[in-house]
Chemist: 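So that we are looking at the same thing, I have put the structure below in structure tokens.
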Amino acid sequence: MSRPSVRSPQAGAPAAAGGAPASASRAAEILAGQGRWLWPGMMHYYREPLVLEEGSGVWVRDVDGREYLDAFGGIITTSLGHCHPRVVEAVREQVGRLGHTSTLYVTEPQVEAAHRLAEIAPGGLDRTFFTNSGSEAVETAVALARAYTGRTDLIALRGSYHGRSSAANTLTAHASWRPLASMSAGITHALAPYPFRCPFHRPCDERCVDALALDLEEVILTTTNGRPAALIAESLQGVNGVVMPQPGYFQRVAEVVRRYGGLLIIDEVQAGFGRTGRHWFGIEHWGVVPDIMVMAKGIAAGLPVGATITTTEIASGWEGKTLSTFGGNPVVMAGMCVALDVMVEEDVRARAEARGERLRTGLAELARRHAWIGEARGLGLMQALELVEDPAMRDPSPRRGQALLEAARAEGLLVGSGGLHGQVIRIGPSLLITDAEMDELVERLGRACARVE
Ligand code: PMP
């Protein structure tokens, strides 16, 4: 796919009334197959799901030729845009040389990928186990925490999303994402920081950090045996709607869980790899070094990689055999090494910070224009708009969330949905987005907001 001009006249779906794209033959045919052959429980965006075929940079094209500016990147994953030529080339080269080994054999791309992670990870985190997804990386992290501490109880935060496997799904604290919830024992949840909806004080202040730390302590003393294996938390809650902790929060809860002998696991699946600007990882904004860190999504610019990194001491706590058939596959490892090269060469941390400021200015202007945008928030290129029914009451507006998602599509813009009620619009484009593309993104979002108004 050649990169379309920023103001492509054919960008987006036709401006049909209500923002609904007209059904087109190829999409309709493929959607019929989806409906017949795949699980009905699979969740899709949009009243009429989007059938994508090609991508390049921040642009994607559907099977009927409509182009969209992709501001969500396949759930904040295509960190270098779609089909970055150097990543594509590395994959092509490796798949033609040696496509699969399993972890029973050693390959240079896997060693190289782990070495690179150790170079950018905070503190003494330098031992990695590779898997294929965020869920598996979370599962690996909590299993290791249990093995190392000899304890079973895990604490997560309300509103968190950690994955679809057994423990990861039980750690997840969104009713609608927990169909398997009862399957994993020994998991409870503490209150999460959520300044916009703080249950303690509005506006939120340092007293709320004290209250959250107290709540964690109470959860340890009332819902565990007092000996937690770990607290797991996202450095910024992504699925919950890009929810940022108050300054000082992570220092306090790290102190509490460690005082009770537990580890701190930080989930960087969404916030890692420069996404939040200035730093490689979200947790670095809060000045805390985790004991175990979980990564996936943007780690390899769209290739399926999960990674769990920790210290030599904690990694040595794993007893018994372990392997992964596909984890650390040479093809995705080769792609990941090149993706990390590009991230360093392009200085994605600085780019995300600069483009993030441009985005923040645009979102703040939209929030001024529309009273139903309760808050514009986020860091770097992980930002969001929280939509409310009544600005004074701040009651969540899932209906506006849904309407804005559809309206953005009609304007040729893909954004994400989030929040417990679907009241948040999430934005996480390629870290290589240009200023002109960012301006286009904000302009399209502005037109979509006007449609919702
Ligand atoms: N952790 C976080 C913070 C996530 O956002 C996700 C996915 N949305 C996961 C873990 C699970 O990742 P995956 O879908 O790759 O299993």
Side-chain angles (χ1 to χ4, degrees), residues 39 41-45 72-79 129-143 145 154 156-174 176-181 184 187 189 192-194 230-245 250 264-273 275-276 281-283 285-286 290 292-309 324 326-329 332 336 378-384 415-420 422 424 426-428:
W39 279 21
M42 283 174 77
M43 182 241 183
H44 303 291
Y45 276 169
F72 197 42
I75 323 183
I76 318 200
T77 299
T78 51
S79 45
F129 190 88
F130 287 109
T131 48
N132 309 287
S133 66
S135 301
E136 271 185 273
V138 165
E139 208 77 30
T140 304
V142 298
L154 300 167
L157 299 184
R158 295 193 198 165
S160 60
Y161 186 95
H162 292 295
R164 62 182 301 282
S165 54
S166 182
N169 196 234
T170 315
L171 292 164
T172 295
H174 276 244
S176 59
W177 288 115
R178 282 167 60 96
L180 309 172
S184 199
I187 293 173
H189 295 85
Y194 197 152
L231 167 71
I232 179 167
E234 296 163 79
S235 55
L236 277 82
Q237 289 190 329
V239 170
N240 207 27
V242 190
V243 178
M244 313 221 304
F250 272 112
L264 177 68
I265 303 173
I266 293 295
D267 182 334
E268 291 284 347
V269 167
Q270 289 208 21
F273 299 94
R275 169 64 54 193
T276 58
F281 297 98
I283 193 64
H285 289 277
W286 320 121
I292 306 177
M293 203 165 71
V294 176
M295 299 157 280
K297 291 199 191 283
I299 189 172
L303 298 166
V305 176
T308 307
I309 195 166
S324 178
F326 289 122
N329 170 281
V332 295
M336 175 182 151
L379 278 175
L381 289 175
M382 185 168 173
Q383 297 201 31
V415 294
S417 169
L420 197 54
V424 178
R426 294 192 283 157
I427 298 162

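In listed order, ligands and their atoms are each counted from 1.
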Chemist: Please name all residues satisfying side chain to side chain contact (heavy atoms under 4.5 Å, CB included) with M43, sequence neighbours left out, ordered by chain then number.
Modeler: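 Only Y45, W177 meet the side chain to side chain contact (heavy atoms under 4.5 Å, CB included) criterion with M43.
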Chemist: Kindly write out the residues that satisfy ring-ring contact (aromatic ring centres under 6.0 Å, His included) with F130, not counting sequence neighbours, or none if the list is empty.
Modeler: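 F130 satisfies ring-ring contact (aromatic ring centres under 6.0 Å, His included) with no residue once adjacent residues are dropped.
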Chemist: Could you tell me if S235 and E268 have a donor-acceptor pair between their side chains, going purely by distance under 3.5 Å?
Modeler: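 Yes, S235 and E268 have a side-chain donor paired with an acceptor closer than 3.5 Å.
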Chemist: With F326, which residues qualify under ring-ring contact (aromatic ring centres under 6.0 Å, His included), at least two apart?
Modeler: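 Testing F326 for ring-ring contact (aromatic ring centres under 6.0 Å, His included), a comparison that skips the adjacent residues, returns H100.
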Chemist: Could you pull out every protein residue that has a heavy atom closer than 4.0 Å to ligand 1, ordered by chain and then number?
Modeler: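 Near ligand 1, by chain and number: S133, G134, S135, Y161, H162, G163, E234, D267, V269, Q270, K297.
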Chemist: Does any non-hydrogen side-chain atom of V424 lie less than 4.5 Å from one of V242?
Modeler: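 No - every pair of side-chain heavy atoms lies 4.5 Å or more apart.
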Chemist: Would you find a donor on one side and an acceptor on the other, under 3.5 Å apart, between the side chain of Q270 and the backbone of K297?
Modeler: no
